[in-house]
Amino acid sequence: QVQVVESGGGLVQAGGSLRLSCTASGRTFSSYAMGWFRQAPGQERDFVATINWSGSNTYYAASVKGRFTISRDNAKNTVSLQMDSLKPEDTAVYYCATARSTIATTQKVSYDYWGQGTQVTVSS
């Protein structure tokens, strides 16, 4: 059974930083792309960042490009999201997910296993 677990959320002031981590078990981690999504209250779950199986390709939502960095460590079955210059509009529950293939993708339907989410709150 595949399990995806996020950690690292919390409360931070605008302009601050947080680092989210995600571990996935139950499948060969290095064989799948990974992604981060977020969902604010009353909103759809939106794409944030994705990374391919090797870490050589990454893509970001326009709203976070230049501020967020996704990375992975296949030896530790971990993917991370470094979030800098945080804004109040970044407040959301952040979800980690495993893709169905090795290819980085922005499409929610291309992900099959999801974590429970971790809350990120940015105060102004």
Side-chain angles (χ1 to χ4, degrees):
Q1 182 178 356
V2 178
Q3 289 190 318
V4 179
V5 180
E6 305 97 338
S7 62
L11 173 64
V12 64
Q13 287 190 329
S17 298
L18 277 177
R19 186 176 182 87
L20 305 183
S21 293
C22 168
T23 59
S25 60
R27 62 167 39 165
T28 305
F29 182 79
S30 59
S31 295
Y32 299 91
M34 299 291 294
W36 286 95
F37 291 75
R38 67 186 182 186
Q39 187 168 19
Q43 304 290 322
E44 295 286 322
R45 189 173 298 187
D46 292 329
F47 165 75
V48 175
T50 181
I51 189 167
N52 74 333
W53 70 278
S54 67
S56 61
N57 287 331
T58 58
Y59 300 99
Y60 298 91
S63 58
V64 307
K65 196 169 186 179
R67 301 188 297 121
F68 290 12
T69 304
I70 189 171
S71 61
R72 68 188 296 159
D73 184 339
N74 287 341
K76 297 181 179 179
N77 287 8
T78 299
V79 61
S80 299
L81 186 68
Q82 177 66 40
M83 305 186 295
D84 298 318
S85 302
L86 282 160
K87 305 175 181 179
E89 51 263 43
D90 294 318
T91 295
V93 177
Y94 283 70
Y95 296 90
C96 176
T98 65
R100 301 177 193 274
S101 78
T102 59
I103 300 171
T105 173
T106 65
Q107 302 301 307
K108 256 185 306 188
V109 296
S110 298
Y111 292 83
D112 50 1
Y113 293 97
W114 295 77
Q116 293 298 307
T118 185
Q119 177 70 48
V120 171
T121 302
V122 184
S123 63
S124 56

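- Side chains of Met34 and Arg72 form a contact here, defined as non-hydrogen atoms less than 4.5 Å apart.
- Across all non-hydrogen atoms, the minimal contact from Ser110 to Thr105 is CB-CG2, 3.5 Å.
- In this structure, the separation between OH on Tyr32 and OG1 on Thr98 is 8.0 Å, given to the nearest 0.5 Å.
- Closest approach of Phe29 to Asp73, counting heavy atoms only: CE2-O, 4.1 Å.
- With hydrogens and angles ignored, the 3.5 Å screen pairs no side-chain donor or acceptor of Tyr60 with any backbone N or O of Thr50.
- Here CD1 of Ile51 is found 10.0 Å from OG1 of Thr69. Values are rounded to the nearest 0.5 Å.
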Problem set entry | Residues Ser80, Ile70; criterion side chain to side chain contact (heavy atoms under 4.5 Å, CB included); working and verdict | CA-CA 6 Å; Ser80 299; Ile70 189 171; over 6 Å; no

Run the side-chain donor-acceptor check on residues 7-26: report pairs under 3.5 Å with partners two or more places apart or on a different chain.
from  : atom 1 : to    : atom 2 : distance (Å)
Ser17 : OG     : Asp84 : OD1    : 2.7
Arg19 : NH1    : Gln82 : OE1    : 3.2

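- To the nearest 0.5 angstrom, Ser54 atom OG is 8.0 Å from Asn74 atom CG.
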For this session: May I have the step-by-step check of side chain to side chain contact (heavy atoms under 4.5 Å, CB included) for Asp90 and Phe68, ending in yes or no?
Result: CA-CA 11 Å; Asp90 294 318; Phe68 290 12; 3.9 Å; yes

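- In this structure, Arg27 contributes its side chain and Val2 its backbone to no donor-acceptor pair below 3.5 Å.
- Proximity of Phe47 to Lys108: side-chain heavy atoms (C-beta onward) are nowhere separated by under 4.5 Å.
- With sequence neighbours excluded, no residue forms a ring-ring contact (aromatic ring centres under 6.0 Å, His included) with Tyr94.
- Aromatic pair Phe37/Trp114: ring centres closer than 6.0 Å.
- When all heavy atoms of Tyr111 and Gly35 are compared, the pair lying nearest together is CE2-N, 3.5 Å.
- Put simply, the side chain of Arg38 never gets that close to the backbone of Val120: no donor and acceptor are under 3.5 Å apart.
- Looking at heavy atoms from C-beta onward, Val93 lies out of side-chain contact with Thr118 at the 4.5 angstrom threshold.
- Nearest heavy atoms, Val109 versus Arg100: O-NE, 3.0 Å.
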For this session: Go through Tyr95 and Val4 one step at a time and tell me if the side chain to side chain contact (heavy atoms under 4.5 Å, CB included) criterion holds.
Result: CA-CA 9 Å; Tyr95 296 90; Val4 179; over 6 Å; no

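- Not a single donor-acceptor pair under 3.5 Å links the side chain of Thr28 to the backbone N or O of Ser30.
- Side-chain atoms of Thr91 come within 3.5 Å of backbone atoms of Val122 as a donor-acceptor pair (strictly under, hydrogens ignored).
- A distance of 12.0 Å separates CD in Gln119 from CD in Glu6, rounded to the nearest 0.5 Å.
- Surrounding CD of Glu89 are more than 12 heavy atoms belonging to other residues, nucleotides or ligands, all under 6.0 Å away.
- Asn52 places no side-chain N or O within 3.5 Å of a backbone atom of Ala33 that could act as its donor or acceptor partner.
- Under a 3.5 Å cut-off, the side chain of Thr78 and the backbone N or O of Lys76 do form a donor-acceptor pair.
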